[in-house]
Amino acid sequence: MEVIAQIYPDRIVVSHGERQTALSPSTPFTTRRLLVGNFSPAEQCLKQGLNELGCIGLFKRPRLVIQPMAMCEGGLSEIEERCLMELGLSAGARDVRIQLARA
């Protein structure tokens, strides 16, 4: 099962097939300099989105494609890529791929 998570400033849109849900955390995760500057709120938001779509469970762990949709001009640094990988894995994905949006 492949799930796409689009990361916007303080908002995550999770989609699988034709199903989609958009979530905003109670505590902002975006800072002035980083799309994901506060890890825990982003993790909880992504977990909630995966749960709402029924993509994670006892024996269900999706492949996750994370698409940063802002603050990635000129590409991502190693730290930003690792943060997004860790975000997906800690939210319950078995495999995470980072895909930059095309302009």
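Index from 1, following the sequence. Since the model is a prediction, treat every value here as computed from it, not as a measurement.
Two residues are said to be in side-chain contact when any heavy atoms from C-beta on lie closer than 4.5 Å; Q67 and L100 fail this criterion. Counting only heavy atoms from C-beta outward, the side chains of F29 and S40 never approach each other to under 4.5 Å. Taking the side chain as every heavy atom from C-beta outward, I79 and L34 never approach each other to under 4.5 Å.
Listed by chain and residue number, D10 satisfy the side-chain contact (heavy atoms from CB on, under 4.5 Å) test with P28 (two or more places apart in sequence, or in another chain). By the side-chain contact (heavy atoms from CB on, under 4.5 Å) test, S15 pairs with I4, Q20, sequence neighbours left out.
Here the CD-CD1 distance, from E43 to I12, works out to 10.0 Å after rounding to the nearest 0.5 Å. If you take SG on C45 and CD1 on I7, they are separated by 8.0 Å, rounding to the nearest 0.5 Å. In this structure, CG in L46 is found 7.5 Å from OG in S90, a value given to the nearest 0.5 Å. Between the CE atom of M71 and the OG1 atom of T31 there is a distance of 6.0 Å, given to the nearest 0.5 Å. A distance of 12.5 Å separates CD in E81 from CD in E86, rounded to the nearest 0.5 Å.
Remark: R82 does not engage E78 in a salt bridge, criterion side-chain N to carboxylate O under 4.0 Å. R97 and E2 are joined by a salt bridge, as a carboxylate oxygen and a charged side-chain nitrogen come within less than 4.0 angstrom of each other.
At a threshold of 4.5 Å between side-chain heavy atoms, the hydrophobic network of Ile, Leu, Val, Met, Phe, Trp and Tyr places L76 and L87 in one connected group. Using a 4.5 Å cut-off between side-chain heavy atoms of Ile, Leu, Val, Met, Phe, Trp and Tyr, with links allowed through other members, Y8 and I66 fall into different hydrophobic clusters. I98 and L50 fall within the same hydrophobic cluster, where Ile, Leu, Val, Met, Phe, Trp and Tyr residues are linked whenever their side-chain heavy atoms come under 4.5 Å apart, directly or through other members.
Minimum heavy-atom separation, L89 to D95: CD2-N, 4.5 Å. The nearest pair of heavy atoms linking A22 to V13 is CB-CG2, 4.0 Å. Shown here for V14 and G49, the closest heavy-atom pair between the two residues is CG2-CA, 4.2 Å.
H16 places no side-chain N or O within donor-acceptor distance of the main-chain N or O of M1, the cut-off being under 3.5 Å. Here the side chain of E80 pairs a donor or acceptor atom with the backbone of S77 at under 3.5 angstrom. Side chain of T30 to backbone of L35: a donor-acceptor contact under 3.5 angstrom is found.
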- Message: With side-chain contact (heavy atoms from CB on, under 4.5 Å) as the criterion, how do V96 and V65 come out once you've worked through the C-alpha distance, each side chain's angles and the decisive distance to 0.1 Å?
- Response: CA-CA 6 Å; V96 178; V65 177; over 6 Å; no
Tabulate below the donor-acceptor pairs under 3.5 Å that side-chain atoms of residues 52-63 make, not counting sequence neighbours, or state none.
| residue | atom | partner | partner atom | Å |
| --- | --- | --- | --- | --- |
| E52 | OE1 | T21 | OG1 | 2.9 |
| E52 | OE2 | Q48 | NE2 | 3.1 |
| K60 | NZ | G54 | O | 2.6 |
| R61 | NE | G92 | O | 3.4 |
| R61 | NH2 | A93 | O | 3.0 |

